[in-house]
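Read the structure below first, then the notes.
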Amino acid sequence: MKSQLSQLISQAIASAQQAAVLPAELEYDIQIERTRDKSHGDYACNVAMQLARAARKKPRDIAEALLTHLPPHEGVDKVKIAGPGFINFYLSTNTIYAVVSTIIEQAERFGHSTVGAGQRVQVEFVSANPTGPLHVGHGRGAAYGAAVSDLLSACGFNVHREYYVNDAGRQMDILGTSVWLRYLELCGEELTFPANGYKGDYVWDVAASLHRNEGERLRHAWSAILDGAPKDEPEGGDKEEYIDALIARAKSLLGNEDYRFVFDTGLNYILDDIRDDLQHFGVVYDEWYSERSLTDSDAVTRAIERLKQSGHTYEKDGALWFKSSDYGDEKDRVLVRDNGVTTYFASDIAYHMDKMERGFDRVIDVWGADHHGYVPRVKAALQALGDDADKLDVLLVQFAVLYRGGEKVQMSTRSGEFVTLRQLRKEVGSDAARFFYVLRKCEQHMDFDLDLAKSQSNDNPMYYIQYAHARVSSVMRQLSEKQLSYDQHNGLQNLPLLTEQHELDLLSNLSKYPEVVESAGLKHEPHLLAHYLRELANGLHTYYNAHQFIVDDDQLRNARLCLISATKQVLANGLGLLGVSAPDSM
RNA sequence: GCGCUCGUAGUUCAGCUGGAUAGAAUAUCGGUCUCCGACACCGAAGGUCACAGGUUCGAAUCCUGUCGAGCGCGCCA
């Protein structure tokens, strides 16, 4: 409807220009908006005000002129000028009722569109280091990334969901070594666990499975490992140096093959856990992309070569630097360390180069807001490689602060109190977690009230929406008890009987849904959909309280049941896009 | 110190990229079941849009400055 009205306006402008009422050269952007106030009709256009200066006429006069040149349209009942120069459109009743049959006909596809035109979009989200289970900070990124992906998909984009697995690097070495040390403890070695090692219970779990399957094959004496190592932090040494020494010892004592085996056992165990966790959260990926594969396929060296060739690198202090400051980064960054090892940043350049080479039209990275300083250097790298950095959107997600019993839940990994996504799912359920995470704009700090998410009351917006859905199902169940029937075909014929204000409001709300999905998708803002669903649920509840649906009059009853069935469908569609279930009873 | 993000009812948040009288929810107060699920509905009250300037027909929204909050500023990942 919006686009049709927009066409009418541009035709009117063109025709007014031909009649020399408006100057030939004009710059404008036709915006058709939903009116906030019913008395302003259904849609409004502010183009007359935009044209005022260039045309050197009063906005209201321009609006008058456009009105006389506006072609008629069967969906539009009347057009009025109001306020400083708004052009208000009033839709015809046929148009207003048509939405119900459209919804019933398109069912779960209602709200889908083709604005994306099949463009290929890659969405990378979560991508947490596989050094431990996901925590609630990752949860928001997961819920947000999944919702954005599903919205884009509904908008006709071809979406590729991807998790970048950091299966290389020092953090993973620390994990591998931590696993090995716990394994040695299970073998009976008496050792002091390094201050900088991973101390979570899951490390014991991995070590136990290693011990079960491999026996004592990988055992080495603690004294041999410690031989020549520096002091750990509690003994007055440096914990970083100490753990690096242990990693080096693990590599030399175990040999390449066995070290890799221990390392991969830890990696795969945790990755399986993350995969399982996300799946229960309703988040699935098309691809788990390995960082290590970038090294194995020489993509990293290729990326570095390309930067070298194009003259964007230099050597200093034995390291190879990328001149990211040429592209607005605050300083240059190291690609290859003086010890010859490439940095994480080098892998990330290769990864983004690979994304571009795979031919995506758009690339979206969902990152935790603490990584915001990283954006300029990745964009710089893309520019230096000759790619279009504007193809990349980095969406930053702020952390959520949890509250329980009015108290902030302390979030230190050390205390172990309520930090994992799994615990959150267990406490409030997957539906509530998914919904609450996307209720707020992503760059907004957010307070996550656990008690509210758990409560089964009208305070809880998710229950409120689900209840609206369940309520319609309940009404339908009541039909048979009352020995009355629902004839959909007959209902669709009699929609014009729906003349109550509550009904007209609900119809108008339903017709907004496709616009909400499109806007939420294109703007990457699922919270728009969450808020819309609350409004729609409110419309249903209000209607329910004001009018009886199951009435004796067959025609009116069928029409009303059509309307609430359509509402139920839209609620289900919207909740589905947010990864929340739509129950028939609660 | 520099950079990024943010500041809207007591509280948690919207505000459609500059539009009509700044909106919900919650908390508070007062009403609604002989009725399809009261897990609901109706009403009241609640605001110097952090502050000060600027841009224009028009600013919560854009620009500058100040104050305040969070995060970032490794040859870690």
Side-chain angles (χ1 to χ4, degrees), chain A residues 31 33-37 39-40 44 46 49-50 52-53 58-59 82-86 88 128-129 131 166 168-174 240 291 316-321 330-331 333-339 341-345 347-348 368-376 396 398-399 401 403 439-441 443-449 452 455-461 463-464 466-468 470-479 481-482 484 512 515-516 519-520 523 525 527-528 530-531 534-535 537-538 540-551 557 560-561 564 585-586:
Chain A
Q31 295 168 21
E33 293 178 337
R34 286 277 181 175
T35 56
R36 234 176 290 180
D37 193 328
S39 65
H40 297 136
N46 65 353
M49 276 116 83
Q50 283 184 54
R53 193 173 323 161
K58 290 181 192 163
F86 286 101
N88 291 337
N129 282 356
T131 52
N166 299 124
R170 181 164 171 271
Q171 295 303 325
M172 286 306 298
D173 277 324
I174 296 177
E240 305 290 350
E291 177 187 353
K316 193 182 86 180
D317 304 332
L320 183 73
W321 295 70
E330 49 190 28
K331 54 174 125 171
R333 311 289 172 178
V334 171
L335 296 173
V336 186
R337 292 194 277 259
D338 57 7
N339 63 6
V341 179
T342 56
T343 58
Y344 170 82
F345 180 45
S347 297
D348 222 10
D370 53 335
H371 287 76
H372 66 79
Y374 204 74
V375 180
L396 300 170
Q398 291 284 351
F399 289 126
V401 179
Y403 284 83
L439 196 52
R440 307 294 176 221
K441 244 189 331 208
E443 69 264 31
Q444 191 67 254
H445 301 114
M446 118 171 162
D447 290 348
F448 193 128
D449 186 337
L452 181 59
S455 83
Q456 309 202 356
S457 72
N458 56 339
D459 305 353
N460 182 337
Y463 268 87
Y464 184 83
Q466 288 187 324
Y467 177 42
R471 195 165 223 181
V472 176
S473 302
S474 171
V475 170
M476 293 315 212
R477 284 193 295 268
Q478 284 293 322
L479 272 178
E481 284 178 30
K482 301 210 168 191
L484 287 167
K512 278 184 200 167
E515 293 164 22
V516 172
S519 148
K523 292 162 70 178
E525 293 186 344
H527 76 277
L528 294 175
H531 284 271
R534 221 238 154 238
E535 239 175 84
N538 176 249
L540 190 277
H541 287 309
T542 303
Y543 180 31
Y544 178 94
N545 274 67
H547 300 284
Q548 193 81 9
F549 306 152
I550 302 181
V551 291
R557 183 180 69 245
R560 286 185 168 170
L561 293 177
I564 64 167
S585 66
M586 314 187 49

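The structure displayed is predicted, hence computed values, not measured ones. Numbers restart at 1 for each chain; the letters A, B, ... are given by sequence-line order, proteins then strands.
- Within the 4.0 Å cut-off from OP1 or OP2 of C41(B), at least one side-chain nitrogen or oxygen of Tyr464(A) is found.
- The residue Ser585(A) sits close to a base: some heavy atom pair falls under 4.0 Å.
- Looking at Arg557(A), its side chain never comes within 3.5 Å of a backbone N or O of Ile550(A) through a donor-acceptor pair.
- Between Lys441(A) and C6(B) there is no side-chain polar atom (N or O) within less than 4.0 angstrom of OP1 or OP2.
- Side-chain proximity of Arg36(A) to the nucleotides A20(B), C36(B), A77(B) is greatest for A20(B).
- Atom P of C4(B) sits at a distance of 15 Å from the matching atom of C62(B), rounded to the whole Å.
- For the atom pair CG (Leu540(A)) and CD1 (Ile564(A)), the distance works out to 7.0 Å, reported to the nearest 0.5 Å.
- Using a 4.0 Å heavy-atom distance criterion, Asp447(A) is classed as a sugar-phosphate-only contact.
- Comparing G7(B), C36(B), A20(B) against the side chain of His40(A) picks out A20(B) as the nearest.
- Of the candidates A20(B), G7(B), U5(B), the closest approach to any side-chain atom of Gln398(A) belongs to U5(B).
- Candidate nucleotides G3(B), A77(B), C71(B) were compared by shortest atom distance to the side chain of Glu330(A), and G3(B) ranks first.
- The strand RNA chain B forms stems, runs of 3 or more Watson-Crick or G-U wobble pairs with distances below 3.5 Å, at B:1-7 with B:67-73, B:10-13 with B:23-26, B:28-32 with B:40-44, B:50-54 with B:62-66.
- Looking at Asn46(A), its side chain comes within 3.5 Å of the base of G19(B) through a donor and an acceptor atom.
- Put simply, Arg337(A) has a side-chain N or O that comes within less than 4.0 Å of OP1 or OP2 on C76(B).
- Between the side-chain ring of Phe86(A) and the base of A20(B), a stacking contact exists by the 5.5 Å and 30° definition.
- With both ends at atom C1', the span from C6(B) to U61(B) equals 14 Å, rounded to whole Å.
- As rounded to the nearest Å, U56(B) and G19(B) have C1' atoms that lie 13 Å from one another.
- When distances run from any side-chain atom of Val475(A) to the nucleotides U5(B), G19(B), C36(B), the shortest one goes to C36(B).
- Rounded to whole Å, the C1' atom of U64(B) lies 30 Å from the corresponding atom of G23(B).
- Across all strands shown, Ala44(A) has heavy atoms under 4.0 Å from base atoms, whether or not it also approaches the sugar-phosphate.
- The separation of A20(B) from G46(B), taken at their C1' atoms, amounts to 23 Å, rounded to a whole angstrom.
- Comparing the P positions of U5(B) and U48(B) gives an interatomic distance of 28 Å, to the nearest angstrom.
- At a cut-off of 3.5 angstrom, the base of A77(B) holds no donor-acceptor pair with the side chain of Asp173(A).
- Taking the nucleotide of RNA chain B with the nearest heavy atom to each of His541(A) and Ser474(A), the more 5' of the two is matched to Ser474(A).
- For His372(A) and G3(B), a side-chain-to-base donor-acceptor distance below 3.5 Å is present, hydrogens and geometry of angles not being considered.
- Under 3.5 Å, the side chains of Thr131(A) and Gln171(A) contain no donor-acceptor pair of N or O atoms.
- Neither OP1 nor OP2 of A25(B) sits under 4.0 Å from any side-chain N or O of Arg440(A).
- Candidate nucleotides C71(B), A14(B), C41(B) were compared by shortest atom distance to the side chain of Gln444(A), and A14(B) ranks first.
- If you check A38(B), A20(B), C41(B) against the side chain of Asn538(A), the one that comes closest is C41(B).
- The phosphate of G3(B) has neither OP1 nor OP2 within less than 4.0 Å of any side-chain N or O from Lys331(A).
- Listed candidates were A25(B), C75(B), A27(B). Nearest to the side chain of Arg534(A) is A25(B).
- Residue contacts shown for Met49(A) include a base, since a base heavy atom lies under 4.0 Å away.
- The nucleotide whose nearest atom lies closest to any side-chain atom of His445(A) is, among G72(B), U5(B), C36(B), U5(B).
- Following rounding to the nearest Å, Phe448(A) (CZ) and U11(B) (C1') show an atom-to-atom distance of 17 Å.
- For the pair Asp459(A) CG and A38(B) P, the computed distance is 17 Å after rounding to whole Å.
- Rounded to whole Å, the separation between the P atoms of U11(B) and G74(B) comes to 37 Å.
- Considering only side-chain N and O atoms, Gln31(A) lies nowhere under 4.0 angstrom from the phosphate OP1 or OP2 of G18(B).
- Taking atom P in both G10(B) and G72(B), the straight-line distance is 31 Å, to the nearest Å.
- Here the straight-line distance linking atom CZ of Arg471(A) with atom CD of Gln466(A) works out to 14.5 Å at 0.5 Å rounding.
- Under a 3.5 Å cut-off, the side chain of Asp338(A) and the backbone N or O of Ala319(A) do not form any donor-acceptor pair.
- Of the side-chain N and O atoms in Arg471(A), none sit less than 4.0 angstrom from OP1 or OP2 of C36(B).
- From Gln444(A), atom CD reaches atom NE2 of His527(A) across 9.0 Å, with rounding to the nearest 0.5 Å.
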Report the C-alpha distance between Arg440(A) and Gln398(A) in whole Å, list the side-chain angles of each, state the deciding distance to 0.1 Å, and finish with yes or no for side-chain contact (heavy atoms from CB on, under 4.5 Å). CA-CA 10 Å; Arg440(A) 307 294 176 221; Gln398(A) 291 284 351; over 6 Å; no
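- Distances from the side chain of Gln548(A) to the nucleotides A77(B), C36(B), A14(B) place C36(B) closest.
- We find that CG of Leu540(A) is positioned 16 Å from P of C36(B), with the value rounded to whole Å.
- Comparing Phe549(A) and Asn339(A) against RNA chain B, the residue whose closest nucleotide sits nearer the 5' end is Phe549(A).
- U12(B) adopts an anti glycosidic conformation, its chi angle falling more than 90° from 0.
- Leu439(A) comes within 4.0 angstrom of nothing in the nucleic acid, heavy atoms only.
- For Thr542(A) and C42(B), the shortest distance from a side-chain N or O to OP1 or OP2 is below 4.0 Å.
- Contact annotation for His527(A): backbone-only contact, meaning every heavy-atom pair under 4.0 Å involves sugar-phosphate atoms and none involves a base.
- Relative ring orientation between Tyr374(A) and Tyr344(A) is described as tilted, the plane-to-plane angle lying within the 30° to 60° band.
- In this structure, Glu33(A) CD and Glu515(A) CD are separated by 11.0 Å, a value rounded to the nearest 0.5 Å.
- Rounded to the nearest 0.5 Å, atoms CG (Leu396(A)) and NE2 (His371(A)) are 10.0 Å apart.
- With rounding to the nearest 0.5 angstrom, the CZ atom of Phe345(A) is 7.5 Å from the CZ atom of Arg333(A).
- Contact annotation: Tyr544(A) reaches the phosphate of A38(B) (side-chain N/O to OP1 or OP2, under 4.0 Å).
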